Amino acid sequence: MRHPGPRTPRRPRTCGAKVGRAAGCPTGLRRSGSLSGFSKRRGSGIRGQVQSRGLIMHDIRAIRENPAAFDAALSRRGMSGLSAEILALDEARRAQILAAETGKAELNKLSRQAGAAKASGDTAQFQALSESASLRKAMIANGEKLAADLDTRLRDMLMGIPNLPLAEVPDGRDEADNLEIRRWGNPRNFDFTPKEHFEIAGVLPGMDFETAAKLSGSRFVVLKGAVARVHRALAQMMVDTHVEDHGLTETWTPVLVKEEAMYGTNQLPKFAEDSYQTTNGWWLIPTSEVTLTNSVAGDILEEARLPIRMTAHTQCFRSEAGSAGKDTTGMLRQHQFEKVEMVTICTPETALAEHERMTGCAQAILEKLGLPYRTIVLCTGDMGFGAQKTHDLEVWLPGQQKYREISSVSTCGSFQARRMNARFRPASGGKPDFVATLNGSGLAVGRCLIAVLENGQQADGSVDLPAALHPYLGGKTRITADGALA
RNA sequence: GGAGAGGUGGCGGAGUGGUCGAUCGCGCCGGUCUCGAAAACCGGAGUGGGUGCAAGCCCACCGUGGGUUCGAAUCCCACCCUCUCCGCCA
């Protein structure tokens, strides 16, 4: 998997979708050609000429008004002050736009006059005006190009800057500085040494890494029999719970998406090497956050439609480029896994309440399964690129004697909405404003399977399964030591 | 994959080179009328950017990207997408 695969964006769609690791060269992806497609949704009024690209990732006006606050927020994420560079670029850009638009205005005026002259039959006047317009046109052409270039440069720069943490997020460098805010359930007392999931006798026949390696290589698994059934039951239970108890809308989405969707939810341009791209330019989603969130890209939603709360159960694909050697045994970290995802689109004012709600939805699954967990607030240094605030849920894994991440719930504020140009029209009237987007796992199915197996294991190698799953297992309640559902 | 049709503002639907950002209808908002509503009538209303204290002025946007022209929703080229029929297919 070391061939980055040449990018061949335009290819007949009939071509086989061979998958190669994404080229780790974001610059190749950032050309205005690929960007323009998505920045140019209907009505956003963007043209590669003089015209400003309009919507930008970070609110450039806010940066202009309070550069110190912007720098301070970024410094909490360990980034040095960027506002000076941004503002210099912004200033140059605006000056160039002004120059180009002034020239364009004069040209338009000459054209109108030429039209009038022609209409009145004044041929000499028409000639003169036409020539003078041609001259002016040549003069402004370069200015327009400069303006467009500066605009693209500013846009690209802002595209690469992470979201600003909310004030309430604790400062910190890495996971050591995260803050535990909730602990639920008591880890069970074992009268034997609990095994890791891939060591449990009853699990062995149903979890086949050798065959997976033969088919696909490392970090893949083949599930069989009872284990496969429990895995499927978990996903079903999660989706049903979110739909029936939490009121989310069940959604089924593609797992292959266009490049612009990957920009919208900030997998691109910075993290191209974490995902897979097909030879014809599609990307395999690393999470259905990509499809669920981008489903409102370019839209102006009526406020009455908000909040939109969705859930989807999909395959997810990740290259795990940065985690060589980490969690190599077992199925904790795979290139392909299933996840039930939750996404909410709402107004900015309701985002924090929705964040708590979504965290509750994820917690409810673990509680239903009786799995001990803790909830933590990620510190500034540990948060993902697009997040304003993140809750991680960590489930107790007796085999490792550790809490391990099983869900991550984030609010992105308007960060992704700006990238996607997703807005809502306030019920009170007034201009459209950017929506807020939230996403969270509810939950990672494979990791949940691990937790169920490890927490339910018995001394004889059998596994007791949570009551919440029994209806999804045809009334069966356990996996026997020889791997049968009983 | 083959053949055909088409992509215009929230929707429908005009517009084939010169104040067209775009006629008109529906829907929407405000007002008049009414006890109230409906109807009728009057008025308003796109998005982004630049500039300005502001009013305003200017630039861009009619699927996307190029081209022709003094001037393009209108002409040319390429691409994307949607629909219909045929073929194939889970």
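Note on naming: letters A, B, ... go to the chains in the order of the sequence lines (proteins, then strands), and numbering restarts at 1 for each one. A quick note: this is a predicted structure, and the numbers were derived from the prediction, not measured.
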Can you check the A/Glu302 CD to B/rG10 C1' distance for me, whole Å?
8 Å
Could you work out, with salt bridge (Lys or Arg N to Asp or Glu O under 4.0 Å) as the rule, every residue matching A/Glu354, not counting sequence neighbours?
A/Arg309
What pairs of residues pass the ring-ring contact (aromatic ring centres under 6.0 Å, His included) test when at least one of them lies in residues 85-133 of chain A, not counting sequence neighbours?
none
Measure from NZ on A/Lys145 to P on B/rC59 and round the result to the nearest Å.
23 Å
When rounded to the nearest Å, what value does the distance between P atoms of B/rC75 and B/rG6 take?
12 Å
Within the structure, does a side-chain N or O atom of A/Arg423 lie under 4.0 Å from either OP1 or OP2 of B/rG48?
yes
Are A/Arg64 and B/rG50 close enough that a side-chain N or O sits under 4.0 Å from OP1 or OP2?
yes
To the nearest angstrom, how far is A/Met420 atom CE from B/rU47 atom C1'?
17 Å
Distance check, C1' atoms only: B/rC29 and B/rA78, in whole angstrom units.
43 Å
State whether A/Arg425 places a side-chain N or O below 4.0 Å from either non-bridging phosphate oxygen (OP1 or OP2) of B/rU47.
yes
Lys/Arg N to Asp/Glu carboxylate O, A/Asp90 vs A/Arg93, below 4.0 Å:
yes
So which nucleotide from B/rC59, B/rG48, B/rC70 ends up closest to the side chain of A/Ser130?
B/rC70
Considering only side-chain heavy atoms of A/Leu98, which listed nucleotide, B/rA60, B/rU47, B/rU51, is closest?
B/rU51
Euclidean distance for P, B/rG30 against B/rU82 (whole angstrom):
39 Å
If you check the A/Leu107 side chain, which of B/rG50, B/rC59, B/rC70 turns out closest?
B/rC70
Between B/rA3 and B/rC58, how far apart are the P atoms? Round to whole Å, please.
49 Å
Excluding sequence neighbours, so at least two apart, what forms salt bridge (Lys or Arg N to Asp or Glu O under 4.0 Å) with A/Asp245?
A/Lys368
Given that both pair distances must be under 3.5 Å and the pair must be Watson-Crick or G-U, what runs of three or more consecutive pairs involve RNA chain B?
B:1-7 with B:80-86, B:10-12 with B:24-26, B:28-32 with B:40-44, B:46-51 with B:56-61, B:63-67 with B:75-79
Whole-Å C1' distance, B/rU74 and B/rU23
15 Å
Which residue pairs pass the salt bridge (Lys or Arg N to Asp or Glu O under 4.0 Å) test with at least one member in residues 202-229 of chain A, sequence neighbours excluded?
A/Asp208-A/Lys224
When A/Glu338, A/His242, A/Glu341, A/Lys339 are each screened for side-chain hydrogen bond (donor to acceptor under 3.5 Å, both in side chains) with A/His313, the one that passes is A/Glu338
Should A/Lys104 be listed as having a side-chain N or O under 4.0 Å from OP1 or OP2 of B/rA60?
yes
Please give the distance between the P atoms of B/rU68 and B/rC83 as a whole number of Å.
35 Å
Between atom CG in A/Asp90 and atom C1' in B/rG50, what is the gap in whole Å?
11 Å
Whole angstroms only, please: what is the CG-P distance between A/Asn421 and B/rG48?
8 Å
Set of residues satisfying ring-ring contact (aromatic ring centres under 6.0 Å, His included) with respect to A/Phe209, sequence neighbours excluded:
none
Position toward the 5' end of RNA chain B (nearest nucleotide), A/Lys258 or A/Ile300
A/Ile300
Give me the ring orientation class for A/His335 and A/Phe220: parallel if the planes are under 30° apart, tilted from 30 to 60°, perpendicular past 60°.
tilted
Residues passing the salt bridge (Lys or Arg N to Asp or Glu O under 4.0 Å) test with A/Glu106, sequence neighbours excluded, are A/Arg136
Close N/O contacts between protein and nucleotides 16-19 of chain B (under 3.5 Å):
residue	atom	partner	partner atom	Å
B/rG18	N2	A/Ser111	O	2.9

Could you tell me the separation between the CD atom of A/Glu144 and the P atom of B/rC61, rounded to a whole number of Å?
11 Å
Residue closer to the 5' end of RNA chain B, A/Ala95 versus A/Ala133 (nearest nucleotide)
A/Ala95
B/rC70 phosphate, OP1 or OP2, under 4.0 Å from A/Asn108 side-chain N/O:
no
Starting at CG of A/Asp151 and ending at P of B/rA60, how long is that distance when rounded to a whole Å?
15 Å
Of the nucleotides B/rU47, B/rG49, B/rU69, which one has an atom closest to the side chain of A/Lys137?
B/rU69
If you measure from the Lys or Arg side-chain nitrogens to the Asp or Glu carboxylate oxygens, is any gap between A/Arg155 and A/Asp151 under 4.0 Å?
no
Set of residues satisfying salt bridge (Lys or Arg N to Asp or Glu O under 4.0 Å) with respect to A/Glu349, sequence neighbours excluded
none
Roughly how many Å is it from CD in A/Gln96 to P in B/rC58, rounded to a whole number?
22 Å
